[in-house]
Colleague: 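Take a look at the following structure, please.
None of the values given here were measured: they were computed from a predicted structure. In what follows, residues are counted from 1 in the order of the sequence shown. For ligands, and for the atoms within them, numbers begin at 1 and follow the listed sequence. Computed from heavy atoms alone, side chains included, the values below leave out hydrogens, waters and symmetry copies.
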Amino acid sequence: MSTDPAADVALPRSDFALLIDGELCQSATALEVINPATGEVFARCPAAGSAELDKAVAAARRAAASWSAASFEDRAAAIKRMSAVLRANQDSLAELLTREQGKPVGQSRDEIGRAAVQSEGMAAIRIPVEKISEDADRRIELRYRPLGVVGIITPWNAPINLAAGPLTSALYTGNTVVLKPSPYTPLCTLRLGELLKDVFPRGVLNVLAGGDELGQRMTEHPGIDKISFTGSVATGKKVMASAAGTLKRITLELGGNDAAIVLDDVDPKTVAPKLFFAACVNSGQVCMAIKRIYAHERIYDALCEALAEEARKARVGDGLDPQTQYGPIQNRMQYEKVIGILEDTQKAGARILAGGKLPNRPGYFIPPTIVTGVDESSRIVREEQFGPLVPVLKFSDIDDAVRRANDTRYGLAGSVWSHDPERAATIAARLEVGTAWVNQHRATSATVPFGGAKESGMGRQYSILGLKENMEPQVVSVLKQPM
Ligand code: NAD
C-alpha cells in the first residue's frame, strides 16, 4: 500500500460514486474532501440531493419485501460476506480513511478490522420468538418484525466503524438501508458501498454522500421508517424533533463527557499510559474518550507528572507516517473549537503541564495537552472538547468525586480505576452513564449494549438490545378454539 503523503499533491481524486438501487451513480453536485494533515482538498465525490434520496428510498422500499422475508441465516451469510470484503480491502480502505480522517494508518486498519469482527458478532445473535404464555386454551407469543427502511447518518470520527454497527443491526434484522456519511469523511463509506454493490441484493443497501441538509431530508422523508443517528447532541435534538413529523423510530448515539475517577490506591505510573491513551486516541475525537480525570489527592501530583510524561513522548504527525501515534483534528471547524477551549483555559490561569503549543506546519495539528488548575465551571470541564486536551482535577472525598463526575447533562460512559476492582465496581455503579468501566475505558463488543444516558443518546447499539431497536415487537395471540 502506498503511504506516501506526497501522493496528495496530485490532482484531486474523483473516482467515487453513490450506490442507488444496485447501480453506481454520479450526481450534478460534488463535495470536496480535505486531508486534515495538509489542509488541502485531495478528492471530490458526488453529493446527493432530493432526487437521489427519493430514488434511494424507493429502491430500498422495493427491496424490503424480499429482504425482510429472507431468513436470519441468509442475512447473516450476507453480513459475513460484508466482513470478508472489509478484510480483503483493509489496507486500501485504511489508507483512504487516514487521508480523509487523519488517524494513524494502523488505527485505520484496526477500525476496519473491528467493523468486520463486530458485524459478524452481531449477525451471530439469535432473536427467538418469545413465548409469553401457553395453556390448553391460548398461546401468546412475542415476535419481532423488521421496521422497513432505516436511514443511517454517521459522523466523521470513525466513519467505517460507526457505519458498520447500525448497518449490520438494520440489515441482519431484515430492514433495507440508506446510509449517509459525514460530508467531511464521505469517501471510505462510498468506497464501501461500491465494494458491497453485489454483496447484497439490489436496493438493500444504498449509500449517499451529502451535506447536513441531506441528513435533515432523511429525517423528514416519509419513506424512511427509522433513523439511526450518530453525532453531536445538538444535531441529535434536531433529528428527534424532525423525526416526530412521521413518528419515525430513532436511535441516537450522541456526544459524551466521560469522567475517569482514579482512586488513592493505584500505581500512577501503571495507570497513566492507559488513561492517556483512552483520552487522546484519535486525538481525543472519540465519543467515549476520557474527557475529565478526577484523581485522589494522595496520588494527584504523581499521576499528573506521569500523564505529562506520556504527552511529551507522543509522536504527532501525518497519519500516513507509520511513526505517527496521534494525527490531526479532522476539520477546521473542530480545530478552531478546540483551540478556543485551549485559549480560554490558558486565560483562566490553568497550568499546562505538557503540550499546549501548536506546531508551525500546515494541517490541523494540536498536540496532546495535560491541564491542571481548572475548576468545574471551565469550558474544558463542562463541554465535550473532542480534542486532545485532558483536564486533571483533584478530589479528596469519593462522594464529592462521584457528584462532580455526574454533574453534567452528558451520560455516555465513565470509569473508575483502583488496585481493588470490587471497591471500584461499587463506585462505578453510581455513575449516571450508559457504560461504567473498571480499570479500563472504551471496551465494547458486539454482544454488549452501548449507548448513552441523559443527553448522550437514546436507545442502544450492539447486542440483542441494539438489534431489537430495528424491529417492531409484535404480539401473536392464538385462541386454540377451532371456528
Ligand atoms: P454532527 O452532529 O455535526 O454530524 C453528524 C452527522 O449528522 C453528519 O453526517 C451530518 O451531515 C449530519 N447532520 C447534520 N445536521 C443534520 C440534521 N439537521 N439532520 C440530520 N442529520 C444532520 O456530528 P459530528 O461533528 O460529525 O460528530 C462528532 C460528534 O459525534 C461528537 O459529539 C461525538 O461525541 C459524537 N459521536 C457519538 C458516538 C456515540 O456512539 N455515542 C460515536 C461517535 C461520535
Colleague: Salt bridge between Arg379 and Glu343, side-chain N to carboxylate O under 4.0 Å?
Modeller: no
Colleague: Note the single closest protein heavy atom to atom 26 (O) of ligand 1, along with its residue, its atom name and the distance in Å.
Modeller: Trp156 CD1, 3.0 Å
Colleague: Show which atoms of ligand 1 fall inside a sub-4.0 Å distance from at least one heavy-atom site of Pro183.
Modeller: 11 (O)
Colleague: Could you tell me the residue and atom name of the protein heavy atom closest to atom 28 (C) of ligand 1, and the distance to it rounded to 0.1 Å?
Modeller: Phe386 CE2, 3.7 Å
Colleague: Should the pair Phe450 and Trp437 be assigned to parallel (<30°), tilted (30 to 60°) or perpendicular (>60°) ring geometry?
Modeller: parallel
Colleague: Compare Asp212, Val233, Leu162 and give the one whose heavy atom is closest to atom 14 (C) of ligand 1.
Modeller: Asp212
Colleague: Going by heavy-atom distance to atom 36 (N) of ligand 1, choose the closest among Gly452, Ser456, Cys287, Gly210.
Modeller: Cys287
Colleague: Would you tell me which option among Gly457, Ser232, Ala289 has the nearest heavy-atom contact to atom 2 (O) of ligand 1?
Modeller: Ser232
Colleague: Glu52: which residues meet the salt bridge (Lys or Arg N to Asp or Glu O under 4.0 Å) condition with it, sequence neighbours left out?
Modeller: none
Colleague: Quick one: OG1 on Thr168 to CZ on Arg75, what's the gap to the nearest 0.5 Å?
Modeller: 12.5 Å
Colleague: Which part of Pro181 is near ligand 1, with near meaning a heavy atom under 4.0 Å away: side chain, backbone, both or neither?
Modeller: backbone
Colleague: Would you give the length of the straight line joining atom OG1 of Thr235 to atom CG of Leu254, rounded to the nearest 0.5 angstrom?
Modeller: 8.5 Å
Colleague: Counting neighbours of NZ on Lys274 that are heavy atoms of other residues, nucleotides or ligands and sit closer than 6.0 Å, is the number greater than 12?
Modeller: no
Colleague: Looking at atom 35 (C) of ligand 1, what's its closest protein heavy atom, distance included?
Modeller: Gly231 O, 3.1 Å
Colleague: Just heavy atoms, cut-off under 4.0 Å: does Glu384 contact ligand 1 by side chain, backbone, both, or neither?
Modeller: side chain
Colleague: Considering only heavy atoms of Asn157, which atoms of ligand 1 have at least one such atom less than 4.0 Å away?
Modeller: 43 (C), 44 (C)
Colleague: Quick test of your reading of the model: are Asp91 and Arg109 salt-bridged, counting only N-O distances below 4.0 Å?
Modeller: yes
Colleague: Measure from the side-chain N and O atoms of Asp321 to the backbone N and O of Gly317, and report whether any donor-acceptor pair falls under 3.5 Å.
Modeller: no
Colleague: So which bit of Val286 gets within less than 4.0 Å of ligand 1, heavy atoms only: side chain, backbone, both or neither?
Modeller: neither
Colleague: State which residues pass side-chain contact (heavy atoms from CB on, under 4.5 Å) with Arg404; sequence neighbours excluded, sorted by chain then number.
Modeller: Tyr294, Glu376, Leu393, Phe395, Asp400
Colleague: Pull out every atom of ligand 1 sitting under 4.0 Å from any heavy atom of Lys180, numbered as shown with elements.
Modeller: 9 (O), 10 (C), 11 (O)
Colleague: Measure Tyr184 to ligand 1 on non-hydrogen atoms and call it side chain, backbone, both or neither using the 4.0 Å cut-off.
Modeller: neither
Colleague: Under a 4.0 Å heavy-atom limit, does Thr154 contact ligand 1 with its side chain, its backbone, both, or neither?
Modeller: backbone
Colleague: Which residue, Val390, Leu307, Ile352, forms the side chain to side chain contact (heavy atoms under 4.5 Å, CB included) with Val371?
Modeller: Ile352
Colleague: When you measure from atom 20 (C) of ligand 1 to every protein heavy atom, which one gives the shortest distance, and what is it?
Modeller: Gly215 C, 3.2 Å
Colleague: Nearest protein heavy atom to atom 4 (O) of ligand 1: under 4.0 Å?
Modeller: no
Colleague: Considering only the protein, which heavy-atom contact is closest to atom 7 (O) of ligand 1, and what is its distance?
Modeller: Phe229 CE1, 3.2 Å
Colleague: Rounded at 0.5 Å granularity, tell me how far OG1 in Thr38 sits from CZ in Arg99.
Modeller: 9.5 Å
Colleague: State, with a plain yes or no, whether a side-chain heavy atom of Lys226 is found less than 4.5 Å away from one of Asn175.
Modeller: no
Colleague: Report the part of Ile153 (side chain from C-beta onward, or backbone N, CA, C, O) that has a heavy atom under 4.0 Å from ligand 1; answer both or neither where that applies.
Modeller: side chain
Colleague: Do me a favour and list the nearest non-hydrogen protein atom to atom 27 (O) of ligand 1 with residue, atom name and distance?
Modeller: Pro155 CB, 3.1 Å
Colleague: If you count the atoms of ligand 1 from 1 in the order shown, which ones are under 4.0 Å from a heavy atom of Leu254?
Modeller: 37 (C), 38 (C), 39 (C), 41 (N)
Colleague: Check ligand 1 against Thr235 and write out every atom of the ligand that is under 4.0 Å from a heavy-atom position of the residue.
Modeller: 1 (P), 2 (O), 3 (O), 13 (N), 14 (C), 15 (N), 16 (C), 17 (C), 22 (C)
Colleague: Measure the spacing between CG of Asn89 and SG of Cys188 and express it to the nearest 0.5 Å.
Modeller: 10.5 Å
Colleague: If you measure from each non-hydrogen atom of Leu214 to ligand 1, which part falls under 4.0 Å: side chain, backbone, both or neither?
Modeller: neither
